[in-house]
Participant: 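One structure, pasted below without further comment.
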Amino acid sequence: IGFELTSEQKEATNSIFRLINKENVFYHLLQGDVGSGKTIVAIIASYAYITSLKQVAYMTPTVLLANQIFDIISKYYLEYFKPCLLTSNTKNISQVLEKIKNNEYNFIIGTSSLINDSVVFNSLGLTILDEEQRFGVNTRLMLENKNIYSDALYLSATPIPQTLALSYFSNISISSIKTKPHSATKVTSKYIDYKDINIVYEKIKEESKNNNHIIVVAPSISSNTRGTNIKKIYDELKKELDIPIFVIHGELKNSEIDSIYAKYLDTLGSILLSTSIVEVGIDIKSATVMVIMDASYFGLSQLHQIRGRVGRGTKDSICYFVDKNNNNSKLKFMEQNNDAFMLSEFDLKERGPGDFIKDIQSGYHFKYLNFYEDLDIIKTSIDDVNLVINEENYKTNKEYYIFNKKEL
């Protein structure tokens with residue numbers, strides 16, 4: 001692949017191979033910051049299945065990210081890999097489905113289209129969910145149930161605190177990549193009051209002259225209740241800057257987004273104006289400036305993911321959090337911290353863990369338990385539960401335990 005894995009990438013890869021060598025089906029969460037190398041670890045782990053004549057299903061939340069993964073697979077010479085793309089843009093869909101069914105494709109990359117009933121795998125050995133936090137529980141289970149004997153690998157660039165991981169993923173093993181490769185470039189963050197927006201415009205002009213790409217993100221397409229929107233920002237950018245601007249958002253068809261995005265990449269020094277759909281799947285080596293408008297309307301993990309779209313090449317980059325409120329504690333913390341694991345702890349403390357049983361994603365909904373402080377109690381309780389499962393069920397109903405662990 002042209003480079004050596006870091007020590008943490010090697011350990012993450014080895015931890016997955018150790019799980020593969022065990023007799024029971026595994027569920028494994030690989031946490032790692034943006035740009036830490038989770039994808040290459042997942043691809044190397046896939047070799048175990050590909051070379052055993054098994055198939056791998058790699059599901060992403062967006063078409064852009066699916067295309068990016070396919071490009072990575074195509075970039076390297078990966079012997080035995082026979083990849084295909086299965087998204088809303090896929091041509092000759094019936095032929096592709098037939099080849100998947102016949103194992104003529106063994107590395108199937110797609111969006112939620114992978115869970116359709118029409119998709120029948122020949123010998124699914126591993127399901128990979130990239131940015132797993134973007135998928136609902138039902139979507140995750142529908143993919144895994146394509147073959148209940150397949151292993152499951154979840155990738156996330158939004159690390160969760162240890163207490164949440166132990167509770168929410170108590171039947172899942174976890175490994176983490178906490179450092180980026182040594183070649184990773186520096187990304188500076190600046191929290192800017194809207195009245196000082198000219199600082200941002202000057203930086204955009206400078207980077208555009210140097211043929212670097214710029215990304216500007218808005219909190220909405222047209223809403224007037226979530227800060228500014230795409231139309232307002234577009235008008236302002238056209239007024240202030242003589243630079244080509246390309247616009248993408250969720251109301252466009254995937255084929256339109258792909259076409260506009262390709263033109264943006266071909267136009268050096270241009271601006272991509274978008275909503276948060278660029279949160280994942282954008283890998284532009286020449287992008288050096290990220291501007292997030294009305295940044296307080298975005299969640300902490302979203303801000304970190306969006307910031308991770310710059311600094312992916314060889315040049316140092318900058319991310320601006322622009323907001324009318326110049327005293328936002330979340331944005332102040334973002335300005336000073338670029339460590340996803342620290343951000344996850346801050347987010348837990350600020351927002352609360354939510355209610356796992358339902359779909360509430362913030363607040364404190366437990367009468368006694370404090371997820372921020374009760375780590376030792378949670379560890380002990382989970383150890384006790386696992387002891388009962390191992391001693392009672394494993395002995396009496398081994399096959400059920402191995403293949404239906406999540407139901408048990």
Side-chain angles (χ1 to χ4, degrees), residues 1-21 26 28 30 32 34-87 89-92 95-111 113-114 119 121-132 143 146-147 150-157 175 177 180-181 183 258 280-285 312-313:
I1 57 176
F3 58 90
E4 183 176 350
L5 300 184
T6 66
S7 59
E8 286 190 347
Q9 289 169 345
K10 289 177 182 177
E11 177 51 37
T13 304
N14 288 332
S15 67
I16 296 169
F17 278 119
R18 284 193 287 269
L19 292 169
I20 293 172
N21 285 330
F26 75 74
H28 187 74
L30 175 57
V34 175
S36 62
K38 300 181 299 300
T39 302
I40 197 64
V41 169
I43 290 171
I44 293 171
S46 298
Y47 251 106
Y49 301 88
I50 299 295
T51 55
S52 300
L53 304 183
K54 298 288 186 181
Q55 292 172 302
V56 176
Y58 194 117
M59 190 158 78
T60 72
T62 66
V63 174
L64 282 173
L65 183 53
N67 289 335
Q68 180 182 312
I69 300 302
F70 186 80
D71 289 342
I72 290 172
I73 293 292
S74 304
K75 174 183 176 182
Y76 302 119
Y77 173 67
L78 298 171
E79 194 176 5
Y80 308 116
F81 274 69
K82 294 175 284 186
C84 75
L85 261 176
L86 192 61
T87 69
N89 292 345
T90 300
K91 304 282 194 303
N92 304 318
Q95 294 177 25
V96 172
L97 292 175
E98 188 66 21
K99 288 186 176 183
I100 293 172
K101 188 176 180 180
N102 294 332
N103 205 12
E104 293 178 56
Y105 289 128
N106 58 20
F107 195 87
I108 300 93
I109 307 158
T111 52
S113 55
L114 290 178
V119 182
F121 295 96
N122 179 285
S123 54
L124 185 61
L126 175 68
T127 57
I128 301 173
L129 278 81
D130 206 341
E131 301 299 337
E132 65 81 26
L143 179 63
K146 290 286 184 177
N147 179 3
S150 63
D151 295 323
L153 175 61
Y154 310 131
L155 310 181
S156 179
S175 59
I177 305 175
K180 296 182 182 181
S183 60
D258 289 346
V280 295
I282 298 291
D283 186 19
I284 309 167
K285 306 300 184 191
R312 304 176 77 89

Participant: Can you name the nearest heavy-atom pair linking L5 to T13, along with the distance?
Facilitator: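 Residues L5 and T13, closest heavy atoms: CD1-OG1, 4.0 Å.
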
Participant: Taking the side chain as C-beta and beyond, is there a heavy-atom pair between L86 and L97 under 4.5 Å?
Facilitator: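 Yes, side chains in contact.
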
Participant: For the atom pair CG (L153) and NZ (K38), what is the distance rounded to the nearest 0.5 Å?
Facilitator: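 These two atoms lie 11.0 Å from each other.
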
Participant: Side chain to side chain contact (heavy atoms under 4.5 Å, CB included) between E4 and K10: does it pass, once the steps are laid out?
Facilitator: CA-CA 9 Å; E4 183 176 350; K10 289 177 182 177; 2.6 Å; yes

Participant: Quick check for you: to the nearest 0.5 Å, what is the distance between S36 atom OG and Q9 atom CD?
Facilitator: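 Reported to 0.5 Å precision, the distance equals 7.0 Å.
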
Participant: State whether E11 and R18 are salt-bridged, where the test is any N-O pair (Lys NZ or Arg NE/NH1/NH2 against Asp/Glu carboxylate O) under 4.0 Å.
Facilitator: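 A salt bridge links E11 with R18.
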
Participant: Excluding sequence neighbours, so at least two apart, what forms side-chain contact (heavy atoms from CB on, under 4.5 Å) with N67?
Facilitator: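 If we apply the side-chain contact (heavy atoms from CB on, under 4.5 Å) test to N67, skipping adjacent residues, the hits are V63, L85, D258.
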
Participant: Which atoms form the tightest heavy-atom contact between L114 and Y58, and what is the distance?
Facilitator: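 Heavy atoms only, the tightest pair is CD1-O, 3.7 Å.
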
Participant: How long is the straight-line distance from CG of N122 back to CG of N147, given to the nearest 0.5 Å?
Facilitator: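 Atom-to-atom, N147:CG and N122:CG are 10.5 Å apart.
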
Participant: Determine, step by step, whether I16 and F26 satisfy the side chain to side chain contact (heavy atoms under 4.5 Å, CB included) criterion, reporting the C-alpha distance in whole Å, the side-chain angles of both residues, the deciding distance to 0.1 Å, and the verdict.
Facilitator: CA-CA 9 Å; I16 296 169; F26 75 74; 4.2 Å; yes

Participant: I need the minimum non-hydrogen distance between A48 and F17, along with the two atoms involved.
Facilitator: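 Smallest heavy-atom distance, with atoms named: CB-CE2, 3.6 Å.
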
Participant: Measuring from N103:CG to F121:CZ, what's the distance to the nearest 0.5 Å?
Facilitator: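 Those atoms lie 11.0 Å apart.
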
Participant: Are the side chain of K99 and the backbone of C84 linked by a donor-acceptor contact shorter than 3.5 Å?
Facilitator: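 Looks like no, no N/O pair under 3.5 Å.
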
Participant: Do the side chain of S52 and the main chain of K54 share a donor and acceptor less than 3.5 angstrom apart?
Facilitator: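 Such a contact is absent between S52 side chain and K54 backbone.
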
Participant: To the nearest 0.5 Å, how far apart are OG1 in T51 and CD in E79?
Facilitator: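 Spacing of OG1 (T51) from CD (E79) equals 10.0 Å.
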
Participant: Enter the distance from L30:CG to L129:CG here, rounded to the nearest 0.5 Å.
Facilitator: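 Rounded to the nearest 0.5 Å, the CG-CG separation comes out at 13.0 Å.
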
Participant: Using only atom types and a distance under 3.5 Å, with no angle test, would you say the side chain of Q55 pairs donor to acceptor with the backbone of I100?
Facilitator: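 At least one qualifying donor-acceptor pair exists.
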
Participant: Take L65 and E131 through the side chain to side chain contact (heavy atoms under 4.5 Å, CB included) test and state the conclusion after the steps.
Facilitator: CA-CA 10 Å; L65 183 53; E131 301 299 337; 4.3 Å; yes

Participant: More than 12 heavy atoms of other residues, nucleotides or ligands under 6.0 Å from NZ of K285: yes or no?
Facilitator: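 Yes.
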
Participant: Any idea which heavy atoms bring Y80 and I50 closest together, and the distance?
Facilitator: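 Closest approach of Y80 to I50, heavy atoms only: O-CG2, 3.4 Å.
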
Participant: Please indicate whether K82 has more than 12 foreign heavy atoms, meaning atoms of other residues, nucleotides or ligands, lying under 6.0 Å from its NZ.
Facilitator: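 Count over threshold, so yes.
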
Participant: Would you confirm whether D151, through its side chain, and I20, through its main-chain N or O, come within 3.5 Å as a donor-acceptor pair?
Facilitator: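 Looks like no, no N/O pair under 3.5 Å.
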
Participant: Donor-acceptor check, side chain of S123 to backbone of L53, threshold 3.5 angstrom: yes or no?
Facilitator: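 Between the backbone of L53 and the side chain of S123 there is a qualifying donor-acceptor contact (under 3.5 Å).
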
Participant: Under the side chain to side chain contact (heavy atoms under 4.5 Å, CB included) criterion, do V56 and N106 qualify, and how do the steps go?
Facilitator: CA-CA 6 Å; V56 176; N106 58 20; over 6 Å; no

Participant: Looking only at non-hydrogen atoms, find the nearest pair between A57 and L143 and report the distance.
Facilitator: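 Smallest heavy-atom distance, with atoms named: CB-CD1, 4.3 Å.
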
Participant: I'd like to check T127 versus K146 (side-chain heavy atoms, cut-off strictly below 4.5 Å). Are they in contact?
Facilitator: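 The answer is no; the side chains never approach within 4.5 Å.
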
Participant: Of the non-hydrogen atoms in S46 and F107, which two are nearest, and what is the gap between them?
Facilitator: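 Closest heavy-atom pair between S46 and F107: OG-CE1, 3.5 Å.
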
Participant: Between S150 and L124, is there a donor-acceptor pair closer than 3.5 Å when you use the side chain of the first and the backbone of the second?
Facilitator: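 No, the answer is negative, given that no donor and acceptor are paired below the 3.5 Å cut-off.
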
